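Step one of this worksheet: look at the structure below.
Bear in mind the structure is a predicted one, so any value in this text is a computation, not a measurement. Per chain, numbering begins at 1; letters A, B, ... match sequence-line order.
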Amino acid sequence: MSLSLYDTFSREVRSLQPLDGETLRFYCCGPTVYGPAHIGNFRTFVMQDVFRRVVEASGSATRHVRNITDVDDKTIRQSQEENRALSEFTSEWTARFHKDCDALGILHPHVEPSAVEHLPEQIDLISQLIGKGHAYRTDDGSVYFDVNSFPAYGKLSRLAEREITTGEIDREQSDEYDRASAADFALWKAARPEDGPNHWQSPWGQGRPGWHIECSAMAMKHLGESFDLHSGGVDLVFPHHENEIAQSEAATGKTFAHHWLHIAHLTVEGRKMSKSLGNLYTLEDLAERGHTPMELRYVLISGSYRQPLNFTFDSLAAAKKSLTRLGNWQHRLGGDTEIHSPGKGDFGPFAPVLEALLNDLNTPEAIGRLHSIGRKVMAMANAEELSPAETKAASEGLSLVLRCLGLVLPNPENAPATNIDEPPASVNKLACERLEARQNRNWEAADQLRDQILEAGWTVLDNPDGFSLEPLETKTEITDHQS
RNA sequence: GGCGAGGUAGCCAAGUGGUAAGGCCGGGCUCUGCAAAAGCUCUAUCGCGGGUUCGAUUCCCGCCCUCGCCUCCA
C-alpha cells in the first residue's frame, strides 16, 4: 500500500510511488544556520520525518537530502556583527540544529549538503542559465534570472492569478542590486563591503550565490535532475520553490520535482510567531519550562500538516500525559523502544493507524486510532484475554506505530527521571518515620508527618516498595516574558 | 486589493450526505488506610442566514469573524 499525499503543484491528493520503482528520492529545504531553530521550524522537520518514516513503512526505500543554508544574507550579517568567521559561526549553529533534531527523534538525512561547499555546482548552474539566455549579468557583477524567459514561471504558486506587486521592490535592494525587472531574482550577488571576507571568485567577479540557487544545485547533484518530491514550509512556495523550479527546469528542460509537500505554519497561543511578540520558542525555552522534546514532537504531529496548528502550553501538558499513558502500554506489552525507522512490518491490530498515515499523513487521525485501539487491546491484555501470539502481534504493532510517528516513550520504570533534586536528609528522615508509622497502621501519625513534609516543600508518594519524594511544583506560570 | 486556509465541546484536534474520532481538563466510579498513580465512565448537534436533498456539520449561495502568503520567514 502506498502513500497518498497532497501535492501543492497539482492541488490534489496523489498516490506517491518512487519514480525509479525502488527508492523515493526527496529534498527538504533545511535550516539557515544563524541562530537556534524554533518550534515552528521543527514542525516542518518533524513532519518531513514522519513522511519519511511512513514511506519506509509502506515498503519503499528513501533517499533523503536536506541542506544546510550557511551562506546568505542572515548568516553573513550575523557573523559579521559578532566578528566571527562565517564557517565557525555556521558550524556552531549547525551543531546545535543537529542536537535539537536528535532530541526530537528526527532521522538523519542520507545527505546533508552545505551551500558553501557547493559553490562550483551553483556557479556551473548559473553559467548554464546565462548560456541558455535565462539569466543576465548586471553592471555591478550580480547575475539575475530573467523571469520573462521562462513562461511557466508562477505555475506552482499560481502567480498568474495574482496581482504581482511590481515596482514595489525594496529600496535598499534595488539600489544595491540593479535588476531589470522586479520579478527577477538574484542567482549571484556581487560582493558588498559589509559582507567582509565572505565572497568567492566566479566568472562574474567576487560575490556569493543567491538563496534559491543552492537548493537547485544541491538537489540535482544529490538526487538527479528529476526526482520524486520536494518539501518545505508553506512560506517557501513563493518565491523560493517557484524560483527553484524556474532555475532548474530552465536549465535542464526536465521536471524538477514531481511532487511538492508543504507544511503549514505553527501559531502560538493563537498568534503568529514573531520576535516582537516574544513567542519564538526554542527547545531550550521549553526545557526551561520543564518540557521535553518528545512532548513537543507529540504536539507537532497532533494536527494535520496542511492546517495551521495552534501551539499552546496546555497541549504540551496534555502531550506529556498521553506519552506517559502510551509508555505504560508499551512497557506492559513489552515492545522495543528504538528510535529507528519502521521499515515494512505487520502492524497487527494497529493496522488502521498505518492506514490513517498513508491517507495524506493524517497524524491526528492516526493518534486517535492509536489511543482507541490501544485502549481496547490493553483492556483485553488486563483481562488476560490475549494469547501469547496476540500479545506479540499487539506489541510489535505498537512498536511499529510508534516508530512511524517517531515517538520514544517514557519508561515507567525510570519514571521520576525528571526529579534531579535530592531531598534534604531531614525530609528523608520524616518520610522514613512516616513509612514506619504506616507499617504500624498508625494513619494519624502518618498524615501528620506528610503535612510536615509538605511544609518542607516536598510531596511524599507511596508505592509498593516504600515511598518517593518529589519537590512541590513551583508553578512558574507562563506569564514571564521572553527576552 | 490578489491568492489561499479556516471557524467543531473549557482547551488542542480529526471526520462524515444519514443525527460527531482521539487527547487534556472537569464530574462520577473502581482500586488504595488516606493520597498519588492506574483503570472504567460521563460531557458537543459542528460561526450566522438562506438553498439543494427524504435527510447537511458535511454540497451551493450570502454574511460575519480569524489566520497565512503576496520577493529572500519553516
Side-chain angles (χ1 to χ4, degrees), chain A residues 8 11 28-32 37-48 69 72-74 147 157-166 168-170 173 179 182-186 189 210-212 231-240 242-243 262-267 269-275 280 298-299 302-304 306-326 328 332 356 362-375 378-379 382 412 415 437-438 441-444 446-447 450 459-464 467-468 470:
Chain A
T8 312
R11 306 216 175 169
C28 299
C29 287
T32 302
H38 55 69
I39 58 178
N41 297 315
F42 285 122
R43 179 183 193 195
T44 297
F45 299 125
V46 163
M47 280 312 306
Q48 289 165 341
T69 297
D72 81 320
D73 287 335
K74 294 189 291 282
V147 166
S157 57
R158 312 271 161 120
L159 206 59
E161 298 166 14
R162 305 179 182 216
E163 214 172 68
I164 308 176
T165 55
T166 42
E168 292 295 320
I169 323 170
D170 184 70
Q173 286 254 331
R179 60 187 128 175
D184 293 354
F185 56 91
K189 294 182 170 186
W211 174 37
H212 316 294
S231 169
V234 275
D235 54 302
L236 296 185
V237 174
F238 186 87
H240 186 54
E242 197 69 75
N243 292 352
H262 291 102
I263 286 92
H265 277 179
L266 191 70
T267 56
E269 307 282 1
R271 316 186 70 175
K272 186 192 175 179
M273 286 192 297
S274 77
K275 278 179 188 153
L280 276 182
Y298 188 95
V299 170
S302 68
S304 159
R306 285 215 258 157
Q307 239 48 66
L309 177 67
N310 187 26
F311 171 89
T312 65
F313 282 93
D314 283 347
S315 53
L316 214 45
K320 188 192 193 70
K321 302 273 276 190
S322 294
L323 288 170
T324 302
R325 181 186 225 203
L326 294 173
N328 290 340
R332 295 233 300 281
N362 194 334
T363 47
E365 177 78 42
I367 290 174
R369 292 183 181 187
L370 166 59
H371 279 283
S372 54
I373 294 170
R375 200 162 6 103
M378 293 316 295
N382 289 339
R438 288 185 66 233
R441 309 188 76 76
N442 185 351
W443 311 128
E444 213 169 297
D447 288 345
R450 175 160 53 203
T459 309
V460 62
L461 301 174
D462 298 326
N463 60 50
F467 61 85
S468 67
E470 287 194 1

Which pair of non-hydrogen atoms, one from [X] and one from [Y], has the smallest distance, and what is that distance?
| X | Y | result |
| --- | --- | --- |
| S302(A) | V299(A) | OG-O, 2.6 Å |
| L309(A) | R43(A) | N-NH1, 3.3 Å |
| D235(A) | H265(A) | OD1-NE2, 2.9 Å |
| H262(A) | G233(A) | CD2-O, 3.5 Å |
| A446(A) | R438(A) | CB-CG, 3.7 Å |

Under 4.0 angstrom, heavy atoms only, what part of the nucleic acid is [X] near: base, sugar-phosphate, or nothing?
| X | answer |
| --- | --- |
| M273(A) | base |
| G40(A) | base |
| G368(A) | base |
| H38(A) | base |
| Q307(A) | sugar-phosphate |

N/O (side chain, [X]) to phosphate O (OP1/OP2, [N]) under 4.0 Å:
| X | N | value |
| --- | --- | --- |
| R438(A) | A35(B) | no |
| N243(A) | C72(B) | no |
| K272(A) | C69(B) | yes |
| R325(A) | G23(B) | yes |
| K189(A) | C72(B) | no |
| N362(A) | A14(B) | no |
| R332(A) | A38(B) | no |
| R441(A) | C34(B) | no |

Taking the minimum atom-to-atom distance to the side chain of [X], which one of [options] wins?
| X | options | result |
| --- | --- | --- |
| L236(A) | C11(B), A74(B), A14(B) | A74(B) |
| H371(A) | G68(B), G23(B), U71(B) | G23(B) |
| F238(A) | C70(B), A74(B), C12(B) | C70(B) |
| D73(A) | A74(B), C72(B), G33(B) | C72(B) |
| K321(A) | C25(B), G33(B), A5(B) | C25(B) |
| S315(A) | A74(B), C12(B), C72(B) | C12(B) |
| T324(A) | C40(B), A38(B), A5(B) | A38(B) |
| D314(A) | C11(B), G22(B), A74(B) | C11(B) |
| N328(A) | A38(B), G23(B), A74(B) | A38(B) |
| D235(A) | C24(B), A74(B), A14(B) | A74(B) |

Could you grab the distance from atom CG of D72(A) to atom CH2 of W211(A), nearest 0.5 Å is fine?
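Between D72(A) CG and W211(A) CH2, I get 8.5 Å after rounding to 0.5 Å.
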Are E242(A) and S157(A) close enough that a side-chain donor and a side-chain acceptor fall under 3.5 Å?
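Judged by distance alone, the side chains do pair up.
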Across all strands shown, which nucleotide pairs with [N] by Watson-Crick or G-U wobble geometry, both distances under 3.5 Å?
| N | result |
| --- | --- |
| C63(B) | G47(B) |
| C69(B) | G2(B) |
| U53(B) | none |
| A20(B) | none |
| G39(B) | C29(B) |

Tell me whether the side-chain N or O atoms of R450(A) pair up with the base of C34(B) as donor and acceptor below 3.5 Å, since no angle test is needed here.
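Flag set: donor-acceptor pair detected.
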Base of G39(B), side chain of N382(A) - is there a donor-acceptor contact under 3.5 Å?
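Per atom types, no contact qualifies.
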Reading RNA chain B from 5' onward, which residue's closest nucleotide shows up sooner: F311(A) or T267(A)?
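The residue mapped nearer the 5' terminus is F311(A).
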Take I367(A) and A446(A), find for each the nucleotide of RNA chain B with the closest heavy atom, and name the residue whose nucleotide sits nearer the 5' end.
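By nearest-heavy-atom nucleotide position, the 5'-most residue is I367(A).
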Euclidean distance, atom [atom1] of residue [X] to atom [atom2] of [N] [Å, nearest integer]:
| X | N | atom1 | atom2 | answer |
| --- | --- | --- | --- | --- |
| D462(A) | G33(B) | CG | P | 10 Å |
| F467(A) | A37(B) | CZ | P | 19 Å |
| D447(A) | C34(B) | CG | P | 11 Å |
| R271(A) | C12(B) | CZ | P | 15 Å |
| W211(A) | U71(B) | CH2 | C1' | 9 Å |
| L266(A) | G68(B) | CG | C1' | 13 Å |
| R375(A) | C24(B) | CZ | C1' | 14 Å |
| R11(A) | C3(B) | CZ | P | 11 Å |

Between [N] and [M], how many Å separate the two [atom1] atoms, rounded to a whole number?
| N | M | atom1 | result |
| --- | --- | --- | --- |
| G27(B) | G10(B) | P | 16 Å |
| G68(B) | C29(B) | C1' | 46 Å |
| C54(B) | G62(B) | P | 24 Å |
| U57(B) | G6(B) | C1' | 15 Å |
| C61(B) | G4(B) | P | 13 Å |
| U16(B) | C34(B) | C1' | 47 Å |
| C3(B) | C63(B) | P | 15 Å |
| U8(B) | C65(B) | C1' | 16 Å |

side-chain contact (heavy atoms from CB on, under 4.5 Å), that's the test. Do T267(A) and F311(A) meet it? Break it down for me.
CA-CA 6 Å; T267(A) 56; F311(A) 171 89; over 6 Å; no
Are N41(A) and I39(A) close enough, and set up right, to give a side-chain contact (heavy atoms from CB on, under 4.5 Å), and what steps lead you there?
CA-CA 5 Å; N41(A) 297 315; I39(A) 58 178; over 6 Å; no
Is the ring pair Y298(A)/H371(A) parallel, tilted or perpendicular, if the boundaries are 30 and 60 degrees?
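Perpendicular.
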